Amino acid sequence: MAKIKMVTPIVEMDGDEMTRIIWKWIKDILILPYVDLKTIYFDLGLQNREATKDQVTIDSANAANEYGVAVKCATITPNAQRVQEYNLSTMWKSPNGTIRAIMDGTVFRAPIMVKGIVPYIPTWEKPIVIARHAYGDIYKDVEGYVKKGGKAKLLLEDEDGQREIEIFDFKKSGGVVMGMHNVDASISSFARACFNYALDTKKDLWFNAKDTISKTYDHRFKDIFNEIYENEYKAKFEEAGITYFYTLIDDAVARIVRSNGGMIWACKNYDGDVMSDMVATAFGSLAMMSSVLVSPTGKYEYEAAHGTVTRHYYKYLKGEQTSTNPVATIYAWSGALRKRGEFDNLPELQAFADKLEKATIQTIEDGYMTGDLAALYKGENEVHKLLTEDFLKKIAEKL
């Protein structure tokens with residue numbers, strides 16, 4: 001058969017470890033036989049980030065802004081052990097954090113629901129979409145250690161002059177100190193992205209922070225969301241029959257656990273990182289979570305919400321067989337292909353993305369799946385636990 005044509009390339013960001021291996025398998029088995037794939041390729045593997053002094057990450061994010069659609073493999077964010085393992089010159093920042101800052105986007109993550117995979121919280125009948133702010137906070141922090149007898153102070157300087165705030169007097173013991181920031185423009189972009197996504201998907205929007213404790217920092221988030229909602233979106237929400245409300249994060253967690261799902265749950269950067277993992281795990285597996293970064297100017301970067309599956313990669317290097325779940329990475333590719341088809345008016349490409357997702361879900365529902373899902377499956381069909389490559393080939397049969 002003739003391959004499906006593309007017009008504009010997708011920005012392709014390759015990654016690390018087991019997900020890098022799976023990335024190639026997905027392309028070879030599920031995409032290249034059917035699509036005349038056009039990509040602008042960037043190697044975000046840790047070795048190449050070291051070789052380019054992380055310029056490749058910056059270039060890939062700028063390309064995503066230029067071409068409008070990107071797809072990203074999972075990447076390593078190095079810690080001290082990784083610095084030694086990969087002989088790095090420095091502990092490079094999270095590629096995701098760099099890309100999110102350059103694209104100024106909001107991350108939307110939703111569980112991929114399958115019949116027979118029952119959530120750990122049985123009332124969750126509908127997917128919960130996590131909207132994660134993608135700029136600042138702890139991901140842009142500065143920090144240090146203060147010796148006993150020292151002091152930490154915060155110096156604020158603007159057109160009104162200088163103001164000094166004592167953070168803590170370490171007279172009895174040494175300790176650690178951290179400084180974080182965010183900016184009104186990014187918070188406003190985050191709010192509008194959430195409101196627009198809620199209107200597009202006809203879902204209620206919940207936003208949470210901790211303004212009772214953080215009376216300036218978190219309260220600023222609350223105020224900006226409220227101001228934009230009242231001035232720009234309230235009437236639209238009422239017309240669409242959906243609601244927006246703000247609550248404290250501890251109250252939101254309690255409400256979410258007791259809910260039936262079906263809402264967008266907007267969180268600050270670190271909160272969203274933690275809560276998306278909690279939601280994904282409670283729905284069944286971290287590898288069953290779609291993730292897309294949406295910029296205020298309508299640029300999209302699709303990725304898997306999980307890490308590089310290091311433990312399986314070490315087994316793979318020893319020649320051992322692995323049953324690693326590739327579903328989130330498949331959905332990253334299908335999401336990018338669908339959006340590229342939408343932008344370029346290519347219905348065949350959009351239909352292919354839909355069919356790829358449908359084939360993936362049907363394969364699992366028919367009883368063919370990786371080990372993580374086999375342990376959770378409670379459907380009617382006999383379970384066949386497959387190795388990763390065999391699972392992809394089974395999807396290809398269905399496709």
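The model shown is predicted, which means the values in this text are computed figures rather than measured ones.
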Do T19 and H306 pass the side chain to side chain contact (heavy atoms under 4.5 Å, CB included) test, and can you show the C-alpha distance, the side-chain angles, and the key distance before you say yes or no? CA-CA 9 Å; T19 44; H306 57 72; 3.6 Å; yes
Donor-acceptor under 3.5 Å ([X] side chain, [Y] main chain):
| X | Y | answer |
| --- | --- | --- |
| N260 | K126 | no |
| T322 | Y316 | no |
| E365 | G116 | no |
| R192 | I228 | no |
| R100 | G105 | no |
| K234 | N231 | no |
| D204 | M263 | no |
| S323 | L386 | yes |
| S276 | D273 | yes |
| R109 | S290 | no |

Grouping I, L, V, M, F, W and Y whenever their side-chain heavy atoms are under 4.5 Å apart, do [X] and [Y] come out in a common cluster?
| X | Y | value |
| --- | --- | --- |
| I102 | W92 | no |
| W333 | V7 | yes |
| I22 | L387 | no |
| I130 | L205 | no |
| M289 | V71 | no |

Is the [X] ring parallel, tilted or perpendicular to the [Y] ring (thresholds 30°, 60°)?
| X | Y | value |
| --- | --- | --- |
| F168 | F170 | perpendicular |
| F237 | Y233 | perpendicular |
| Y135 | H181 | perpendicular |

Specify the closest pair of heavy atoms between [X] and [Y], including all atoms of both residues, with the distance to one decimal.
| X | Y | result |
| --- | --- | --- |
| I29 | P33 | O-CG, 3.7 Å |
| P111 | P127 | CG-CB, 3.8 Å |
| N269 | A134 | ND2-C, 3.7 Å |
| G136 | N182 | CA-ND2, 3.9 Å |
| M113 | W124 | CE-O, 4.2 Å |
| K268 | A209 | CD-CB, 4.1 Å |

Give a yes/no verdict on a cation-pi contact between K236 and F195, requiring under 6.0 Å between NZ or CZ and the six-membered ring centre and an angle within 45° of the axis.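 The answer is no; the distance or angle limit is not met.
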Would you say [X] has more than 12 foreign heavy atoms packed within less than 6.0 Å of its [atom1]?
| X | atom1 | result |
| --- | --- | --- |
| E143 | CD | yes |
| K355 | NZ | no |
| Q55 | CD | yes |
| Q362 | CD | yes |
| Q84 | CD | no |
| E239 | CD | no |
| K385 | NZ | no |

Taking the ring centre of each residue, are H384 and F391 less than 6.0 Å apart?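 No, the ring centres sit 6.0 Å or more apart.
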Should H133 and Y270 be marked as a side chain to side chain donor-acceptor pair (under 3.5 Å) after you check the CA-CA gap, both sets of side-chain angles, and the distance that decides it? CA-CA 8 Å; H133 189 209; Y270 181 71; over 6 Å; no
Validation row: [X], [Y] side chains within 4.5 angstrom (heavy atoms):
| X | Y | value |
| --- | --- | --- |
| Y246 | N226 | no |
| V11 | F42 | yes |
| C194 | I264 | no |
| S291 | V107 | yes |

Pairing of [X] and [Y] as salt bridge, 4.0 angstrom limit:
| X | Y | value |
| --- | --- | --- |
| K398 | D366 | yes |
| K24 | D28 | yes |
| E164 | K153 | yes |
| D344 | R340 | yes |

Does the pair T310 and R82 meet the rule for a side chain to side chain donor-acceptor pair (under 3.5 Å), with working shown? CA-CA 11 Å; T310 305; R82 295 295 202 167; 2.9 Å; yes
To the nearest 0.5 Å, tell me how far E66 CD sits from D59 CG.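 Going from CD on E66 over to CG on D59, the span is 11.0 Å.
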Could you give me the CA-CA distance, side-chain angles and deciding distance for K27 and D14, then say whether salt bridge (charged side-chain N to carboxylate O under 4.0 Å, His left out) is met? CA-CA 12 Å; K27 287 172 63 179; D14 209 346; over 6 Å; no
When you look at F207 and F190, which way does the side chain to side chain contact (heavy atoms under 4.5 Å, CB included) test go after all the steps? CA-CA 11 Å; F207 176 56; F190 173 40; 3.8 Å; yes
Between D390 and Y368, does any side-chain donor sit less than 3.5 Å from a side-chain acceptor?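 Short answer, no.
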Does any donor atom in the side chain of S94 or N96 lie under 3.5 Å from an acceptor atom in the other side chain?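 On atom types as modelled, these side chains do not qualify, holding no pair under 3.5 Å.
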Passing candidate, ring-ring contact (aromatic ring centres under 6.0 Å, His included) with W206, options W265, F225, F245: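 Considering W265, F225, F245, a ring-ring contact (aromatic ring centres under 6.0 Å, His included) with W206 is found only for F245.
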Step by step, would you call K222 with D218 a salt bridge (charged side-chain N to carboxylate O under 4.0 Å, His left out)? CA-CA 7 Å; K222 176 185 177 182; D218 279 27; over 6 Å; no
